[in-house]
Amino acid sequence: MPELPEVETVRQTLRQLVLNKKITDVTVLWDNIIKLPLEPEAFRQELIGQTVQEINRKGKFLILEFDDISMVSHLRMEGKYGVYPAAEPMKKHTHVIFQLDDGTELRYNDVRKFGTMHIFKKGKEINQKPLSLLGPDPFDDSFTADYFYNRLQKTQRTIKAVLLDQSIVAGLGNIYVDETLFRAGVHPERKANLLSRKQVEKVRQAAIETIEEAIQQGGTTIRSYVNSQGQIGMFQQRLFVYGKEEEPCKYCGTPIEKIKVSNRGTHYCRNCQQ
DNA sequence: ATGGTAACCTGCGGGC
DNA sequence: TGCCCGCAGGTTACCA
């Protein structure tokens with residue numbers, strides 16, 4: 001489900017709900033979500049007694065910072081966090097429960113069970129997988145025109161494949177890649193190394209602008225995304241191509257087309273994007 | 001180096 | 001109504 005803007009919105013809402021609360025117990029109902037430590041019981045023991053100090057984000061990962069440890073959490077397609085009174089009945093797809101010291105519970109819900117959680121000693125998470133594999137976020141100072149152009153020069157993959165590659169720029173997924181390329185006027189199947197310096201800069205600016213605008217709108221809700229307070233996003237009102245196949249392009253009226261690129265459903269305007 | 005495919009899972013909508 | 005297929009906001013492993 002979530003790409004950078006949705007994860008950022010979750011971060012902001014979740015922060016209000018759990019900051020300074022202490023974990024008194026943890027229940028893991030689906031073991032495969034826990035990646036580190038390998039044993040769910042060890043994961044539980046690491047967390048008991050820890051207080052939430054801060055919640056950060058890098059790319060599509062949430063980073064829950066405790067006293068001595070950090071928990072790195074990826075929501076993949078359908079993961080959601082919510083805070084509920086302990087007495088509230090469990091939903092169907094709740095897989096990890098963090099009991100808090102004020103009588104509430106932080107619950108992780110994930111229909112497809114794709115999400116992941118890793119625990120590291122505090123401060124070590126940034127140098128280890130999975131965070132160590134990430135490139136800069138789009139609005140980071142290090143995502144410069146030179147950096148991006150040089151990375152694109154090194155590959156013959158399509159620009160869509162490159163924008164989906166989290167090691168080059170972190171946080172864009174299928175929706176924001178399609179929207180970015182529309183705004184930049186670049187065809188998703190163009191080879192990255194054949195784009196002009198000017199086009200690369202247009203793509204970079206479009207990525208930054210799209211992601212920042214989407215954060216401001218609280219993310220995009222297509223099917224199921226809600227933040228940690230159960231609210232939907234508003235950016236779907238500003239989509240130009242994603243999910244718009246056969247609808248007229250908002251700029252030129254040409255029907256939006258849907259093709260496969262990099263094995264992902266890809267939406268674009270054949271007139272506006274060359 | 002890159003592309004295709006399957007895998008990890010569940011649910012939904014369309015076609016028959 | 002029921003069944004089968006393809007599809008879904010992600011990522012990784014493996015095989016051409």
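Since this is a predicted model, take the numbers as computed values, not measurements. Proteins get letters first, then strands, A, B, ... in listed order; numbering begins at 1 in each.
Remark: Q166(A) is in phosphate contact with dT11(C), judged by side-chain N or O atoms under 4.0 Å from OP1 or OP2. Of the side-chain N and O atoms in H95(A), none sit less than 4.0 angstrom from OP1 or OP2 of dC9(B).
Between F182(A) and Y251(A), the distance separating the two ring centers is shorter than 6.0 angstrom.
Checked against dA8(C), dT10(B), dT12(C), the side chain of M77(A) finds its nearest nucleotide in dA8(C). Nearest nucleotide to the K258(A) side chain, out of dC7(C), dG9(C), dC9(B): dC7(C). For W30(A), the side-chain atoms get nearest to dC9(B) when compared with the rest of dT2(B), dC7(C), dC9(B). In this structure, of dT11(C), dG9(C), dT10(B), it is dT10(B) that holds the atom nearest to the side chain of V111(A).
Straight-line distance from the NZ atom of K92(A) to the C1' atom of dC12(B): 12 Å, rounded to whole Å. If you take CZ of R264(A) and C1' of dG9(C), they are 8 Å apart, rounded to a whole angstrom. In this structure, CG of L4(A) is placed 16 Å from C1' of dT11(C), rounded to the nearest angstrom. Put simply, CD1 on I159(A) is 13 Å from P on dT2(B), counting in whole angstrom units. Remark: P of dC9(B) and CG of N109(A) are 16 Å apart, rounded to the nearest angstrom. Atoms CD (E6(A)) and C1' (dG10(C)) sit 13 Å apart, rounded to a whole Å. The nearest whole Å value for the distance from the CG atom in N263(A) to the C1' atom in dA6(B) is 10 Å. Between K260(A) atom NZ and dG6(C) atom P the separation is 10 Å, expressed in whole Å.
Nucleotide dC9(B) forms a pair with no other nucleotide shown, judged by Watson-Crick or G-U wobble geometry with both contacts under 3.5 Å. The partner of dG9(C) cannot be assigned: no Watson-Crick or G-U wobble pair with both contacts below 3.5 Å exists in any strand.
The gap from the P atom of dG11(B) to that of dT11(C) amounts to 22 Å, rounded to the nearest Å. Here the separation of dT5(B) from dG6(C), taken at their P atoms, is 12 Å to the nearest Å. To the nearest whole angstrom, the two P atoms, one in dA6(B) and one in dC5(C), are 13 Å apart. Across dC3(C) and dC8(B), the matching P atoms stand 24 Å from one another, rounded to whole Å.
Put simply, the side chain of R157(A) and the base of dA1(B) share no donor and acceptor less than 3.5 Å apart.
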Please set out all donor-acceptor pairs under 3.5 angstrom arising from side-chain atoms of residues 17-24 of chain A, sequence neighbours excluded.
| unit_1 | atom_1 | unit_2 | atom_2 | d |
| --- | --- | --- | --- | --- |
| K21(A) | NZ | L17(A) | O | 2.8 |
| K21(A) | NZ | D102(A) | OD2 | 2.8 |
| T24(A) | OG1 | Q99(A) | O | 3.3 |

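Heavy atoms of S262(A) sit nowhere under 4.0 angstrom from any nucleic acid atom.
Ring orientation note: the planes of F143(A) and Y147(A) are nearly perpendicular, at an angle over 60° on the 30°/60° scale.
You'll find the side chain of L36(A) stays beyond 4.5 Å of the side chain of I119(A), heavy atoms only.
From M117(A), atom CE reaches atom OG of S73(A) across 4.5 Å, with rounding to the nearest 0.5 Å. Note: R57(A) CZ to E8(A) CD = 4.5 Å, rounded to the nearest 0.5 Å.
For dC8(B), the base is stacked against the aromatic ring of F114(A), per a cut-off of 5.5 Å between centres and 30° between planes.
Taking the nucleotide of DNA chain B with the nearest heavy atom to each of R112(A) and K154(A), the more 5' of the two is matched to K154(A).
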